[in-house]
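Every heavy atom of this structure was used, including side-chain atoms; hydrogens, water molecules and symmetry mates were not. Note that the coordinates shown come from a computational prediction; the quantities given were computed from them, not determined experimentally.
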Amino acid sequence: QRSQNYQAGFGRLQVIFYFRKIMKVLMLSTDENIFIDGSGSQERMKEYGGLVKELHIVIKSHNPSFNSQKLGNVFVYPASGYIKVLKIGAKIIARFSNTSIFQFLITSQDPFELGLIGYLLKKKFSLPLQLQIHTDFLSPYFGKESNRNKFRVILGKLLLKKADGIRVVSERIKNSLIVSGYASKTITVLPIVYDIDRFNKAAVDIDLHKKYPNHDFIILMASRLTQEKNIGLAIAAMVEITRVHPKALLLIVGSGPEESELKLLTTNYSLQANIVFEPWADDLSSYYKTADLFLLTSNYEGYGRTVVEATAADLPVIMTDVGVAIGSVVPVGDKKTLVERLASLIENSPEREKTLRDQQKVINFYVSKEDYLNRIKQSWFQCL
């Protein structure tokens, strides 16, 4: 028995050594920020690279200025389309095709088009595949948004059955998968949030009340300006809020395909004095710390990282019932309840303080950077 225990222990040590020293990961992504020096995405990929021998990242991008990069043991490749992603991925794996079948793990940022490419590579090279889910594609609002999303729902459900591991960013998505019949799969819940204390400790470089001195209450939104974020709901709510609180300001920080339409909507409502658009900024610490309220009105979210960051910076949150759902939660698309909740928190400082205390209880369990990276490594290891 002692000999068997020794052999088992030695075997585990061999696996750990193998994983750290020989394991190679092929990641399929659409995150163009990985190409940008100093970006949070690039720094995170470097940290992921420290978990394995090599990390190869193929990024679907039509930006001709992006070139292949080597960041230590992290290799980044631009691909102009999905077919190019497939070809580059196959070429990378083929270099090592004569070695162990576990020489590579494939991890895909989504279970849709990239997930399909990951599955094709899995089948061709007999490799393990992890599918990541960063948005709640099982939400009824996701499929209703477009025919493309309806197709993605079908594709995602099919591919998840073929995956060797699944990583999701919230308990909400995990529970949706379990209800949908994926309880037998290894599902890791791991949002992209760590070291949140930095938002609380950050210095204030920009004071929004000094920047916008004509306003006595500042509501902050920060997101991509896309259809699923439903920022039009927030703009419509401001029509009623400004009747009672004419100096309230809705500050929308972000960019995206809906920007022109949202600005036109603001003009149509004659709210130019109460709604301001600013371009996206990577560091929103000062905005979180000097705004009065954070607002998220999405139809669906995988997680909602900005509400956790806002909470860490002591900013109360109103949000729709999506993703992590913290703070003062209102039903999706419900303008009447949203207006009532906004008015209540604008007028009632003790209620804002209570909302913030409740939020802080929720985020107290978030892990350190070291724990986060260990859990990433574990999620990869469970696919083998």
- Item | Distance in Å, Phe151 CZ paired with Ser146 OG, rounded so as to fall on 0.5 Å steps | 11.5 Å
- Message: Tell me which one of Lys46, Arg44, Met45 satisfies side chain to side chain contact (heavy atoms under 4.5 Å, CB included) with Gln42.
- Response: Lys46
- Taking every heavy atom of Ser285 against every heavy atom of Asp283, the minimum-distance pair comes out as OG-OD1, 2.7 Å
- Message: Tell me whether Asp314 is salt-bridged to Arg357, with the criterion being a basic N under 4.0 Å from an acidic carboxylate O.
- Response: no
- Taking all non-hydrogen atoms of both residues into account, name the closest pair between Ile241 and Ala248 and its distance. CG2-CB, 4.2 Å
- Do you know the tightest heavy-atom contact between Ala222 and Thr306? O-CG2, 3.6 Å
- Examine distances only and state if a side-chain atom of His56 and a backbone atom of Gly89 form a donor-acceptor pair shorter than 3.5 Å. no
- Between the main-chain N or O of Asn230 and the side-chain N or O of Thr297, is there a donor-acceptor pair closer than 3.5 Å? yes
- Item | Six-ring centre of Tyr82, Lys60 cation under 6.0 angstrom, axis tolerance 45° | yes
Would you tabulate the side-chain donor-acceptor contacts of residues 25-33 under 3.5 Å, counting partners in other chains and residues two or more places apart, or write 'none'?
from: Ser29; atom 1: OG; to: Asp31; atom 2: N; distance (Å): 3.0
from: Ser29; atom 1: OG; to: Gln109; atom 2: OE1; distance (Å): 2.8
from: Thr30; atom 1: OG1; to: Gln109; atom 2: NE2; distance (Å): 2.8
from: Asp31; atom 1: OD1; to: Asn33; atom 2: N; distance (Å): 3.0
from: Asp31; atom 1: OD2; to: Ser41; atom 2: OG; distance (Å): 2.7
from: Glu32; atom 1: OE2; to: Ser61; atom 2: OG; distance (Å): 2.7

- The reported gap from CG in Asn299 to OG1 in Thr226 (rounded to nearest 0.5 angstrom) is 9.5 Å
- Asn73 side chain to Val52 backbone, donor-acceptor under 3.5 Å: yes
- Message: For a 4.5 angstrom cut-off between non-hydrogen side-chain atoms, does Ser180 reach Leu138?
- Response: yes
- Test item: Tyr182 side-chain N/O and Lys157 main-chain N/O as donor-acceptor pair under 3.5 Å: yes
- Message: Has Asp110 got a side-chain atom pairing as donor or acceptor with Ile133's backbone, closer than 3.5 angstrom?
- Response: no
- Message: Tell me the closest heavy-atom pair linking Leu356 and Pro316, and the distance in Å.
- Response: CD1-N, 4.2 Å
- About how many Å separate CD of Glu43 and OH of Tyr48, when rounded to the nearest 0.5 Å? 12.5 Å
- Task: For the residue pair Gln69 and Phe75, establish whether any side-chain heavy-atom pair is separated by less than 4.5 Å.
- Result: no
- Query: Is the Tyr141-Tyr300 ring centre distance short of 6.0 angstrom?
  - Reply: no
- Query: So, the side chain of Arg352 versus the backbone of Ile346: is there a donor-acceptor pair under 3.5 Å, distance only?
  - Reply: yes
- Query: Any donor-acceptor pair under 3.5 Å linking the side chain of Asn274 with the backbone of Leu249?
  - Reply: no
- Query: What is the distance from atom CG of Leu293 to atom CG of Leu251, rounded to the nearest 0.5 Å?
  - Reply: 12.5 Å
- Please report the closest heavy-atom contact between Ala237 and Leu338, naming both atoms and the distance. CB-CD2, 4.0 Å
- Query: Does Lys369 pair with Glu47 as a salt bridge, N-O distance under 4.0 Å?
  - Reply: yes
- Task: Looking only at non-hydrogen atoms, find the nearest pair between Ile88 and Pro78 and report the distance.
- Result: CD1-O, 3.5 Å
- Query: Using 4.0 Å as the upper bound for N to carboxylate O, is an ion pair formed by Glu228 and Lys144?
  - Reply: no
- Message: Nearest 0.5 angstrom please: Ser139 OG to Asn149 CG, how far?
- Response: 10.0 Å
- Message: Could you check whether any side-chain N or O of Lys185 sits under 3.5 Å from a backbone N or O of Ala163, counting only pairs where one atom can act as donor and the other as acceptor?
- Response: yes
- About how many Å separate CD of Gln132 and OG1 of Thr188, when rounded to the nearest 0.5 Å? 10.5 Å
- Query: Ring centres of Phe112 and Phe137 under 6.0 Å apart?
  - Reply: yes
- Task: Taking side-chain hydrogen bond (donor to acceptor under 3.5 Å, both in side chains) as the test, write out the residues that go with Glu351, two or more places apart.
- Result: Ser344
- Between Ser379 and Arg167, do the side chains contain an N or O donor and an N or O acceptor separated by less than 3.5 Å? no
- Query: Any side-chain heavy-atom pair from Leu127 and Leu105 closer than 4.5 angstrom?
  - Reply: no
- Message: If the threshold is 4.0 Å, N to carboxylate O, is there a salt bridge linking Lys150 and Glu145?
- Response: no
- Task: Given side chain to side chain contact (heavy atoms under 4.5 Å, CB included), test Leu177 with Ile166 step by step and report yes or no.
- Result: CA-CA 10 Å; Leu177 291 177; Ile166 302 170; 4.0 Å; yes
- Task: Measure from NZ or CZ of Lys263 to the centre of the six-membered ring of Phe277 and say whether it is under 6.0 Å with the direction within 45° of the ring axis.
- Result: yes
- Counting distance only, does the side-chain N/O of Ser170 pair as donor-acceptor with the main-chain N or O of Tyr303 below 3.5 Å? no
- Apply side chain to side chain contact (heavy atoms under 4.5 Å, CB included) to Phe142 and Asp136, showing your working. CA-CA 7 Å; Phe142 182 88; Asp136 188 6; over 6 Å; no
- Query: Just by distance, with hydrogens left out, do Asp216 and His245 show a side-chain donor and acceptor under 3.5 Å apart?
  - Reply: no
- Item | Salt bridge Asp371-Arg375, side-chain N to carboxylate O under 4.0 Å | no
- For the residue pair Tyr372 and Lys377, confirm or rule out a side-chain donor-acceptor distance under 3.5 Å. no
- Task: For the residue pair Ile231 and Leu225, establish whether any side-chain heavy-atom pair is separated by less than 4.5 Å.
- Result: yes
- Task: Please determine, by modelled atom types, if Gln360 and Thr311 share a side-chain donor-acceptor pair under 3.5 angstrom.
- Result: no
- Main-chain N/O of Thr337 paired with Lys335 side-chain donor or acceptor, under 3.5 Å: no
